[in-house]
Visitor: 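Here it is: the structure, laid out below.
Every value quoted in this text rests on a predicted model; they were computed, and no experiment measured them. Below, read A as the first sequence line, B as the second, and so on, with proteins coming before strands; counting in each chain starts at 1. Computed over heavy atoms, backbone and side chain alike; hydrogens, waters and symmetry mates excluded.
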Number of protein chains: 2
Amino acid sequence: MATSERKKREYAQRQTLIIDTARKLLLDVGYIDLNMDRIAEITEYSKGTIYQHFSCKEEILVEMLIQSAKKCGTFLGRGSRFQGTPRERMAAMALGYDLFIRLNPDHFKSKLLLQNESIRRKASPVFQKNLEKAEQDNMGIVSEVLREAVEQGHVQLRKDVTTEEVSFGLWTGAFGAYVLMFSEMNLQALGISDPRKAVWNNIHALLDGFGWHPLFQDLNWDQTKSRILKEVFPHEAKLAQVS
Amino acid sequence: MATSERKKREYAQRQTLIIDTARKLLLDVGYIDLNMDRIAEITEYSKGTIYQHFSCKEEILVEMLIQSAKKCGTFLGRGSRFQGTPRERMAAMALGYDLFIRLNPDHFKSKLLLQNESIRRKASPVFQKNLEKAEQDNMGIVSEVLREAVEQGHVQLRKDVTTEEVSFGLWTGAFGAYVLMFSEMNLQALGISDPRKAVWNNIHALLDGFGWHPLFQDLNWDQTKSRILKEVFPHEAKLAQVS
DNA sequence: TAATAATTTGACTAATAGTCAATAATAATG
DNA sequence: CATTATTATTGACTATTAGTCAAATTATTA
C-alpha cells in the first residue's frame, strides 16, 4: 500500500530528526541537562510522540552510537583497503579512526557515558544488541588485517598471543587515549602536548614490539601518512584540516 | 579547644560514612538510581545534612574518586619501589594497578562516569582540582620510573618521543582495556578470553617496541611476576586470588 | 540557668521522567 | 460522499528526586 510506505518514511524521518536534535543538544548542554521536554520542544513534536520512538533518553543515545559505530566502520573499512602492506593498512585505519573522531567529536561524549552499564541498560535489549553488534564488526575489520599480515608472514606472533589480542591492544590504546583527550583532563600539564602524535607513536611501538614488518624505522612514515590521507581520505583530511 | 577537635572528627567520620554508603549503593543500583534520599535514609542523617557535606551526588562521586586515585597511587608507589631493573619495576606497577582494580572494582564504574565532563563539572571546582591533582600524581609515578630507565641507559628514546608520551601509552592501553572489561562488552565474543593477559602482553610489546631492556624475550617474566607478587603485594595477591 | 551560637531537620518548591485518556487525523467501507 | 473504524498525536497528569531554607534541636558560653 502506497500510504503505509509514506508513513514508514515519515516515521524514519522523524527518528532521524529526534536523534540529530539530541546529538546537537548533547554537545551543547551535556548528558545531565539533556531532557525529553527540550527535545520535544525543538523537534516540535509532543513528548508522547518522542516516547513512541524511544523509551528514554538513554535509548536515543544508544541509537546515536549505533549510527556512529557504523559510520566509524566505513572509515575503518576504507583504511583497510588502502593499497599497501598490512602494516600500512593498519596505519591507514588508525588515521581513519582519528579522522572519524575529529569530525564527530560528540561521538565520544556519549560513547563514554554508555560504557557505564547502569546507563546503557536503561535502553531496551534490542538496541543494546545492535550496538554490541556494530562494535564487534568494527573490531573485526581490524583483526582481519592483522590476520592477513600473519598469513603473509609480515609478523610472526608468539604462540601465546592471538591476533585478536593484538587488535585489542591497538584498540584499547587508541580508545583510552581518546577517552582522556575528550575528558577535561589537562594533558598539557602531564607533559603531553600532542596526544595524537603520542597515539601514533605508541601504535607503531606496539606493532614493532610484536615484530611486525616493515618496522617503524624501516619506512618513511610521514610520507606514507601523506599518501594515505591523499588516497583514502582526501575529503575528510581537508575538512578536519589534517595533513 | 577540645570540643571543636571532636566536632571536626565527627564531621570527618560522617563524610566517610556518606562516601562509603554511596560507594556500596553505586555498586548495587548504578549511577542512575543512586539518589540523595536513599543515601540520607541509609546513613540515618537527613538530606539537609548530606547537602552540608556535598552539593550533589556527582560531588560525592568525585570525592570517592579522589580517595580511589590516592589509594591507587599507593599501589603504584609500592610497585615502583620493587627491587629490580626499571623495566621490572614498570611491570610491578602494572601488576599493582591490576590488583588495585581487582580489589576495588567499583572504582571504574564511577571513574568512567566522571570522565564525562557534563557529570564531572557538576562538582565544585575545588573537588575537581583535587581529583586532577591526584590523577597527575599517579601518572608522575609512572613517568619517574621511565625517566630513570632513560637515565640509566636501559632505553634510548627517539628524539621525537618523550618519557611522558610513553607513560601515556602505557596508561591509555591499560585504562582503555579496563574500561572495556568493566563495561558490559562481550570480550569473549571478540576472541579475548583473558583480557588481563592481553594487557600484560601488550604492555611488554609496547616497551619492547621502544627498545626498553631487558626485552620481553630476554627474561623469564613469569618468574619475575611471581617475585613481584610475593615481595610487593603478598597480601593483595592472596585477597584477589592472583598468582 | 539563661542567652547565644551552631547544627540538624524535613517539609517545601522546582524540574523532569514517563503515562495515558482524550483528541485529531487518516483510512476503509457502503 | 458520508460514516465508521483505525491509527497517530497530544499534553495534562502522576511520580520521583534534586536541592532549599525556616524552624526545631542541640551544644556552647556567660
Visitor: Testing A:Leu170, A:Ile203, A:Leu95, A:Val166 one by one against A:Met90 for a side chain to side chain contact (heavy atoms under 4.5 Å, CB included), which residue passes?
Guide: A:Leu170

Visitor: A:Asn116 side chain to A:Ser118 main-chain N or O, any donor-acceptor pair under 3.5 Å?
Guide: yes

Visitor: My understanding is that a pair needs two contacts under 3.5 Å, Watson-Crick or G-U wobble. By that rule, which nucleotide pairs with C:dT26?
Guide: D:dA5

Visitor: Measure from the ring center of A:Phe175 to the ring center of B:Phe175 and say whether it is less than 6.0 Å.
Guide: no

Visitor: Assess whether side chain to side chain contact (heavy atoms under 4.5 Å, CB included) is satisfied between B:Lys122 and B:Val62, documenting all intermediate values.
Guide: CA-CA 10 Å; B:Lys122 282 211 82 188; B:Val62 170; over 6 Å; no

Visitor: For B:Tyr45, does the six-membered ring have the charged nitrogen or CZ of B:Arg14 within the cation-pi criterion, i.e. under 6.0 angstrom from the centroid and within 45° of the normal?
Guide: yes

Visitor: Each nucleotide in nucleotides 5-21 of chain D should get exactly one letter: B, S or -. Can you fill that in based on protein heavy atoms under 4.0 Å?
Guide: ----BBB-----SBBB-

Visitor: Rounded to whole angstroms, how far apart are CD1 on B:Ile50 and C1' on C:dG10?
Guide: 13 Å

